[in-house]
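I have placed the structure first, in the form of structure tokens, so that the comments after it can refer back to it.
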Amino acid sequence: MRRLVKKIAASIMALTLVVAMGTTCFGATWGSYFGASQGWYEGAEGKLTSNKASGFTAAVDAVGWGGIWGGQIYIDGSKGDNARNISVKKGQTYTLSFSIKATNVTKFVYVKVATGETLAYSTWVKVPANKTKKVNVKFKAKANANSIYFGVGGDVGDRENVTTDADAPVRYGVFQNQFKMSAVDGLAEDANGDFTAATVLTVTKFTLIQQPKLKSVKSRKKGKVTVKFGKVKGAKSYKVKVGSKVYKTKKATLTVKAKSKKRVKVQVAAIAKSSNVAGAYSKAKRVKVK
């Protein structure tokens, strides 16, 4: 996705955040862009009021009218301007999960995992006013990606032919598939139809973690099962499920007890450093215990 910010505007925003947030900004994870705040035409206005690896809070003073990307919160790995980059590989399976809340108005948010316009995955989230929406999706990446964007501006009208909004047809297609209605009709509900409306968007427990792969599952000794798997970036530990029992480990090899002569199913899931939330379990392997 093309960023709509000039270098000078980005510098001003970065300076503003340092002044507003003090030393916490030196470990910043999320960047932000609001069109009206930069003197542009998109209409969205706001700022980040909290910023950490597990999520953010954005005070949106006006949702705006000039497109979903008129207001955005992002980790932009292509720019190297954030402390934690996204690393998504084509063909690998990932879990994207977070909780999101919007005050006062119903808000549509578009979440996109991508590098520039090259899309790995995207989804719309409809956040009811003053209620927490939990998102937990498993997806197979369509492409490599190093960034994630939360589009929080007002996506008003039909933008498919707007030259500065190249991904409009893609996100409209995603909207239609999810909600079984046209994006133009559905997004008329965004911010209760009032694009001067203010809201506070809060994201917590943000997790984007790869599904680990089992390398081997063997039983070489009586009553024992040894599990080996590949570690994944961003994991603090792993859950290994052997039969009905779940074990926690930081190592990529684990030997546990299991009932002899029984055939057990084994799976592994990664627990993210950023949120302490576990991703999806891997494909299973089965082994007969000696």
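We use all heavy atoms of the structure for the numbers below, so side chains are in, but hydrogens, waters and symmetry mates are not. This structure is a prediction, so every number in the text was calculated from the model and none was measured.
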Exercise for review: State yes or no: do I75 and V277 share one hydrophobic cluster built from I, L, V, M, F, W and Y residues joined by side-chain heavy-atom distances below 4.5 Å, directly or via other members?
Suggested key: no
Note to self: Between N144 and N146, does the side-chain contact (heavy atoms from CB on, under 4.5 Å) criterion hold? Intermediate values first, please.
What the structure shows: CA-CA 7 Å; N144 293 344; N146 61 10; over 6 Å; no
For residues 252-263, please give each side-chain donor-acceptor pair under 3.5 Å, one per line with the distance, not counting sequence neighbours.
| residue | atom | partner | partner atom | Å |
| --- | --- | --- | --- | --- |
| T255 | OG1 | T226 | OG1 | 2.9 |
| S260 | OG | G223 | N | 3.4 |
| S260 | OG | K290 | O | 2.9 |

Practice task
Using a 4.5 Å cut-off on heavy atoms from C-beta on, say whether the side chain of F34 contacts that of Q72.
Solution key: no
For residues 187-199, the salt bridge (charged side-chain N to carboxylate O under 4.0 Å, His left out) pairs (sequence neighbours left out) are K107-D190, K126-E189
- Item | Heavy-atom side-chain contact between I209 and V232 under 4.5 Å | yes
With a 6.0 Å cut-off on ring centres, are Y74 and Y33 close enough? no
Open item on the list: Between Q211 and T95, do the side chains contain a donor N or O and an acceptor N or O under 3.5 Å apart?
Closed with: no
Between V225 and V264 the two heavy atoms that sit nearest each other are CG2-CG2, 4.4 Å
Between T106 and P128 the two heavy atoms that sit nearest each other are OG1-CA, 4.1 Å
Yes or no on side-chain contact (heavy atoms from CB on, under 4.5 Å) for W30 and I148, after CA distance, side-chain angles and deciding distance? CA-CA 10 Å; W30 301 91; I148 185 164; 4.0 Å; yes
*Given side chains that start at C-beta, do those of F150 and V125 come closer than 4.5 Å, heavy atoms only?*
no
Q | Close side-chain approach of S122 and V174, heavy atoms under 4.5 Å | A | yes
(message) Looking at N161, I want to see if its CG is surrounded by more than 12 non-hydrogen atoms of other residues, nucleotides or ligands under 6.0 Å.
(response) no
Sorted by chain and number, sequence neighbours left out, side chain to side chain contact (heavy atoms under 4.5 Å, CB included) with A284 holds for K265, Q267, R286
Applying side chain to side chain contact (heavy atoms under 4.5 Å, CB included) to K251 and not counting sequence neighbours gives T249
So salt bridge (charged side-chain N to carboxylate O under 4.0 Å, His left out) across residues 170-181, not counting sequence neighbours, yields D155-R171, D165-R171, D167-R171
In short, salt bridge (charged side-chain N to carboxylate O under 4.0 Å, His left out) pairs touching residues 196-220 with sequence neighbours left out are none
### Query
So F179 and D185, side-chain contact (heavy atoms from CB on, under 4.5 Å) or not? Walk me through it.
CA-CA 11 Å; F179 297 102; D185 291 338; over 6 Å; no
Working note: V170 + L119, criterion side-chain contact (heavy atoms from CB on, under 4.5 Å); need CA distance, chi angles, decisive distance, verdict.
CA-CA 9 Å; V170 174; L119 182 68; 3.8 Å; yes
Give a yes or no on whether the ring-centroid distance for W65 and F195 is below 6.0 angstrom.
no
